[in-house]
Protein chains: 2
Amino acid sequence: MTASDPAEIAPPAPRTRVDDIYEVVKEMAVAYRLKPGERLNEMTLARDLGASRTPLREALNRLVAERLLDFVAGRGFFCRGLDAREVFELYEVRRMLEVEAVRLACRRASDSAIDALASNSDFYHWKVFGQPIQELVGHDEAFHIQIAKLTENGELVRQLRRINERIRFIRWLDMDRRVEGTRSEHRAIVDALVARDEDLAAEKMRHHIERRQDQIESVVREGFSTIYMNDLEGP
Amino acid sequence: MTASDPAEIAPPAPRTRVDDIYEVVKEMAVAYRLKPGERLNEMTLARDLGASRTPLREALNRLVAERLLDFVAGRGFFCRGLDAREVFELYEVRRMLEVEAVRLACRRASDSAIDALASNSDFYHWKVFGQPIQELVGHDEAFHIQIAKLTENGELVRQLRRINERIRFIRWLDMDRRVEGTRSEHRAIVDALVARDEDLAAEKMRHHIERRQDQIESVVREGFSTIYMNDLEGP
DNA sequence: ATATACACTTCTGTATACAGAAATGAATAC
DNA sequence: GTATTCATTTCTGTATACAGAAGTGTATAT
């Protein structure tokens with residue numbers, strides 16, 4: 001958005017090794033390619049990433065602050081756990097933010113912004129079958145973020161993005177059973193937004209998120225088996 | 001809470017130099033003892049803290065992830081800015097979370113927990129005059145966190161704590177004009193909680209937070225002058 | 001007087017080194 | 001067979017070293 005503004009062409013922001021490491025390890029943590037609670041060996045990981053421990057540890061510290069990794073002084077860095085309670089709490093925070101976000105969106109968004117959401121929205125394009133789950137979840141996240149952006153509150157958007165990273169694995173697991181439901185629920189939210197019916201939009205959003213919240217316990221259980229099945233594709 | 005549980009006496013969690021540095025620099029950033037946008041000299045700062053650059057940079061990376069510092073690759077670390085828009089957005093997110101939090105508290109909190117909040121609440125003890133502003137803000141934050149804890153949602157509490165760190169400086173500035181208002185508004189919230197009147201509690205909380213939101217612009221302006229006056233007490 | 005080029009200084013980004021803590025495992029005691 | 005001790009190995013926590021980028025200031029040209 002601001003990046004393409006010709007008035008502020010700052011030097012193209014040199015990428016450091018820390019940034020690269022950060023992204024790679026983040027992906028590993030988000031996708032639980034590291035097992036829950038697994039200890040990270042800094043020397044091995046640094047070697048595998050072709051770097052030294054110094055930038056690695058800086059990246060790991062960022063990830064600890066984002067709660068994608070755990071850290072114990074004297075013992076090192078660990079993959080975050082997979083805990084139904086934590087996921088449940090994150091869904092609850094997410095609901096609080098998104099229900100209010102869609103309210104604000106009803107009040108603040110321009111007609112054209114809402115039109116863009118309505119006509120561009122993924123639920124028109126989703127091929128429900130034969131589409132990689134990752135793509136579907138990507139569309140899902142994008143839809144919710146787009147609504148958050150209508151509030152013009154950058155902090156809100158950032159917080160939701162962070163929550164999304166932490167529950168993405170869970171979304172991967174339950175998306176395939178819920179594609180159709182998701183699509184129709186998204187549509188209901190957009191309809192309410194177009195009508196600027198704040199209460200209805202809020203209610204639809206609450207419903208949309210709470211439905212998933214109910215299933216967390218079982219999805220997390222499925223998560224463990226998925227994680228430990230993936231040994232098969234290990235290195 | 002869990003720390004004193006005899007069943008889980010883990011080794012007393014050795015403190016590292018990173019932890020110490022983290023806390024010291026965090027305090028500097030929170031209190032704007034670093035000027036907004038000021039560049040941090042790693043060598044100087046490390047020397048002043050009696051450490052080397054390695055743990056310093058790890059701590060700084062954590063603080064960047066928490067948005068208490070900025071980072072530009074190739075240029076280094078900077079104190080966060082002081083920006084009315086950002087503060088405004090944080091107050092908005094805070095309102096979203098706390099209004100819903102007090103609703104959940106009405107539903108979930110035990111009678112005894114609410115009693116404890118009501119009888120122990122700071123507004124009974126606040127000495128309005130002649131009390132350091134820092135203490136008053138500490139009571140204020142503690143009050144709000146206590147309510148959040150009634151939800152039993154640890155993530156919610158954590159997110160609010162992080163927001164509090166980022167707006168603490170602003171609270172310091174406007175607290176002295178608002179001590180009495182704060183006290184009575186807190187009381188109204190507690191009364192609604194005791195009555196388990198969810199809608200009323202939510203409305204009181206919303207009002208409580210939005211009142212401050214309206215003043216942010218002017219408080220931020222005051223903030224700049226405060227920051228640049230403090231040169232007088234420099235080292 | 002302002003702008004440009006260039007040498008010089010300072011600082012960041014990363015690798016490496018090393019001390020001490022933690023984990024591992026063998027050997028011994030019970 | 002289980003528990004305990006101690007030697008050995010491995011790994012973390014931090015300091016230091018160094019290359020190259022960024023910043024600074026001076027001298028020269030216009």
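Letters A, B, ... mirror the listed sequences (proteins, then strands); counts begin at 1.
- Between the CZ atom of A:F78 and the C1' atom of C:dA22 there is a distance of 11 Å, rounded to whole Å.
- Non-hydrogen atoms lying under 4.0 Å from DNA chain D are contributed by A:R39, A:L40, A:N41, A:E42, A:M43, A:R53, all within residues 38-56 of chain A.
- Under 4.0 Å is where a charged nitrogen must lie from a carboxylate oxygen, and between A:R161 and A:E141 no such pair does.
- If you measure from atom CG of A:L60 to atom P of D:dG13, you get 11 Å, rounded to the nearest angstrom.
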TODO: Decide side-chain hydrogen bond (donor to acceptor under 3.5 Å, both in side chains) for A:H208 and A:H144; before the verdict, give the C-alpha distance in whole Å, the side-chain angles of both, and the deciding distance to 0.1 Å.
DONE: CA-CA 11 Å; A:H208 179 54; A:H144 286 273; 3.1 Å; yes
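- Rounding to whole angstrom units, CZ of residue B:R17 and P of D:dT14 are separated by 6 Å.
- For the pair A:R85 and A:F88, the cation-pi test (distance below 6.0 Å, angle within 45°) is failed.
- Among the atoms of the strands shown, only primed sugar atoms or phosphate atoms (P, OP1, OP2) are found under 4.0 Å from some heavy atom of B:F71.
- Remark: side-chain polar atoms of A:R80 are paired, donor with acceptor, to backbone N or O of A:V30 under 3.5 angstrom.
- Because its NZ or CZ atom is not both nearer than 6.0 Å to the ring centre of A:F77 and within 45° of the ring axis, A:R57 does not count as a cation-pi partner of that residue.
- No side-chain heavy atom of B:D20 sits less than 4.5 Å from a side-chain heavy atom of B:V24.
- Regarding contacts with the backbone of D:dT12, every side-chain N or O of A:R57 stays at 4.0 angstrom or more from both OP1 and OP2.
- In this structure, A:N61 places its CG atom 11 Å from C1' of D:dG13, rounding to the nearest Å.
- As rounded to whole Å, 10 Å separates atom C1' of C:dG13 from atom CZ of B:F77.
- Atom pair A:R75:CZ and D:dG13:P shows a separation of 11 Å (rounding to whole Å applied).
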